[in-house]
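Here is how names work: the chains are called A, B, and so on, in the same order as the sequence lines, proteins then strands, and each is numbered from 1. Hydrogens, waters and symmetry mates play no part in the numbers below; they use all other heavy atoms, side chains included.
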Protein chains: 2
Amino acid sequence: MSRKAKRNGGDDIKMSDIARHAGVSPMTVSRALRAPSTVSEKMRRKVDAAVREFGYLPNRIAGSLSSKRSNVVGLIVPSIQNSLYANMIQAISDVLRANGFHLMIANSGHRLDDEEALVSALLAQRVCGLVLHNTTHTKGVRDLVAKTGVPVIETGNLPAEPLDMAVSYSNFEAARAMTAHLGRLGYRKIGFVTLPLRDNDRSEERRRGYFAALKELGLPADPSLVLEAPGGFSEGGDALVRLVQTHPGLDAAFFAGDVLAVGALFECQRRGWAVPGRVAIASFDDLDLLRHAVPTVTTLRIPRHEIGRRSAELLVNRLLGASPERIRIDVGFEIVQREST
Amino acid sequence: MSRKAKRNGGDDIKMSDIARHAGVSPMTVSRALRAPSTVSEKMRRKVDAAVREFGYLPNRIAGSLSSKRSNVVGLIVPSIQNSLYANMIQAISDVLRANGFHLMIANSGHRLDDEEALVSALLAQRVCGLVLHNTTHTKGVRDLVAKTGVPVIETGNLPAEPLDMAVSYSNFEAARAMTAHLGRLGYRKIGFVTLPLRDNDRSEERRRGYFAALKELGLPADPSLVLEAPGGFSEGGDALVRLVQTHPGLDAAFFAGDVLAVGALFECQRRGWAVPGRVAIASFDDLDLLRHAVPTVTTLRIPRHEIGRRSAELLVNRLLGASPERIRIDVGFEIVQREST
DNA sequence: TTATAGGATGGTAGCGATACCAAGAGAACG
DNA sequence: CGTTCTCTTGGTATCGCTACCATCCTATAA
């Protein structure tokens, strides 16, 4: 009673069966299915008829082995449970599907070692391309990528030296721009709440951007204005409360994660703190929610969908024959000024 | 310059190479990797050394073809862009990974024809199991599943007659329970806002549940109290406003989608309508957001994570040898009474 | 000691498709 | 009318691994 027994529900029609029943050679069946234009009308009709009659499903595993070509792309995200990745995944999935590719998804849980294990596993499955939502990798990952030569897209941040291709925005620039924006609006005591920094280059970059902007604004860099919080609504609220308590003069808070920002906003509503009267709130990433909350929340719009789309397009082009070259695309970002600041 | 050329970054070490370098037969390598206990300590060490030296990655495509066994499970969801599926996907992904399986994800965009095309495609990839977030299928899907005999999990709703295995809650019962709950709280004019009904048995079931509850409560079934809205915050707000305008006596609104409910809540905040003073709001699905919004929102807690986990567990058990049997698991739901009602 | 079982290895034959080359059938040409 | 060229079609040899069976070796029993 192996898995095998289960898979064969008694059918398992193969190409040679179709060929026999259609009165043609297996090669003709193969061609009729993959490149109909190379086969005469008559043959194609015979094959199509037999395929329909038996409900034949070509075995892509065999096809891939034989052609040394696969149509599955691997994607590794830190967490599936995050709507921010969802937009990107959707876009990738759509572009791939339109080009006959499939998507294998795995999540690394923000752990670099797990990323390496997953890259290995996906490569063993012989994926034809890889999308990594991460730009710092273990040596193992770099070696594997180099050795196998699979096309790789890195995203989530703009690496100085991409493994292969990168499509992203700069977390550093985005955080800097938002902080500068707050400064321009007249805020002088700006708190910063970051997601965990460990194993996460994105968070680290954002924090650097925040400090860079403070410097440019001529504001003091006060480390006690920076709080690290795990994701979640409550954590955002808690962080804001702590900041306000330790810094009575705080006039704005920049949250490097949209859920944190919304959590903070709710906390303000609960406590009756006017936003932005008592404290201004700025967020990172344009969650739909932020446009509808009361007040609406100032944030950075990151073109997540575009990132996904362009990543998949680059990958597909390469798989379809484009010559390999290091590409680094900066999709940029946009500050969306709303009521909360 | 085929894709092939790209894939061979110059390496492509195969099992026989490892065997040669380790001074053993290919079969021993195969066994050392897949069932180390069937190989002597000495052999295993030789093999491991060679594997590490060359950075050998077994070719699972070849393995699958040869063994007629695959370790990839296919998942089809209506849309990836929905945090509600995200919880389930995460759970599935985790369980599968812990058992050495991988996940191929596709989205049907709520179109049954697309679902069929995807089932075909995934079956052609020879996935060893299928999870469908949908319980009404085309004949084509039913035939394919029957013919190939792949284990299938249906979820998203409790089908009367599952294709194979089903893990879900009852949309009908859930909607009925919430409507009854509102009735018990004393609300008498309860609006209902549903997601699009077309090709979506879940929405349809929820609506039936709403009407069933009204009947039990002895309340009139007024079709004009039911509004169909595409998903989205704005649509939720719009729907509520329309309901209130056409039914001045409306005292509660039940939204069959969490985003709609939150949109309505924001609209109330904007208009200064007290919730639940002016109108009570109830939601479907326990988005984290609802627990933190102001006011917190009464809703139905659907154990999405558990659904994913149990689905994957059932699948894995079957793949590991459990005998096939129709299984239908009702994971239930829970009413979470909060401030909004 | 010889017989016998059982565990560890190796050899061989596929898995179901595709690549590549050879062969046959017409069409176009001088 | 034969030759060359192009378009279709078919045969054969893999692709890289695993199933299955044969073989061998060592340990235990008789």
Whole-Å gap separating C1' (dC7(D)) and CZ (R44(A)):
14 Å
Check each residue of residues 28-42 of chain A for a non-hydrogen atom within less than 4.0 Å of any atom in DNA chain D, then write out the ones that pass by number, or none.
T28(A), R31(A), V39(A), S40(A)
I want to check one thing: is the phosphate of dC17(D), taken as OP1 and OP2, less than 4.0 Å away from some side-chain N or O of Y56(B)?
yes
Atom CD1 of I61(A) to atom C1' of dG16(C): distance rounded to whole Å?
10 Å
side-chain contact (heavy atoms from CB on, under 4.5 Å) partner of T135(B), chosen from D201(B), L158(B), T155(B):
D201(B)
Indicate yes or no: at least one non-hydrogen side-chain atom of I105(A) is less than 4.5 angstrom from one of L75(B).
no
Given atom NZ of K14(B) and atom C1' of dG16(D), what is their separation to the nearest angstrom?
7 Å
In whole Å, what is the span from the CD1 atom of I13(B) to the C1' atom of dC15(D)?
16 Å
For R20(B), is there an ion pair with D17(B) - N to carboxylate O distance below 4.0 angstrom?
yes
Check this for me: does any side-chain nitrogen of one of R310(B) and E313(B) sit under 4.0 Å from a carboxylate oxygen of the other?
no
Are K147(B) and I13(A) close enough, and set up right, to give a side-chain contact (heavy atoms from CB on, under 4.5 Å), and what steps lead you there?
CA-CA 11 Å; K147(B) 208 171 81 158; I13(A) 296 136; 3.8 Å; yes
Between K139(B) and D143(B) (salt bridge meaning N to carboxylate O under 4.0 Å), is one present in this structure?
yes
Take atom CE of M43(A) and atom C1' of dT9(D), then tell me their distance rounded to the nearest Å.
7 Å
Which part of the nucleic acid does P58(B) contact within heavy-atom distance under 4.0 Å: base, sugar-phosphate only, or nothing?
sugar-phosphate
Please determine if a side-chain N or O atom of S66(B) lies less than 4.0 Å away from the OP1 or OP2 oxygen of dC17(D).
no
In whole Å, what is the span from the CG atom of D17(B) to the P atom of dG16(D)?
9 Å
Between P on dT18(D) and CE on M27(B), what's the gap in Å once rounded to a whole number?
7 Å
To the nearest angstrom, how far is N59(B) atom CG from dC17(D) atom C1'?
8 Å
Return the nearest nucleotide to the side chain of K68(A); candidates are dT9(D), dG11(C), dG16(D).
dG16(D)
Does the plane of the ring in H133(B) sit parallel, tilted or perpendicular to the ring in Y85(B)? Use 30° and 60° as the thresholds.
perpendicular
Examine dA19(D): is either OP1 or OP2 under 4.0 Å from a nitrogen or oxygen in the side chain of R69(B)? Give yes or no.
yes
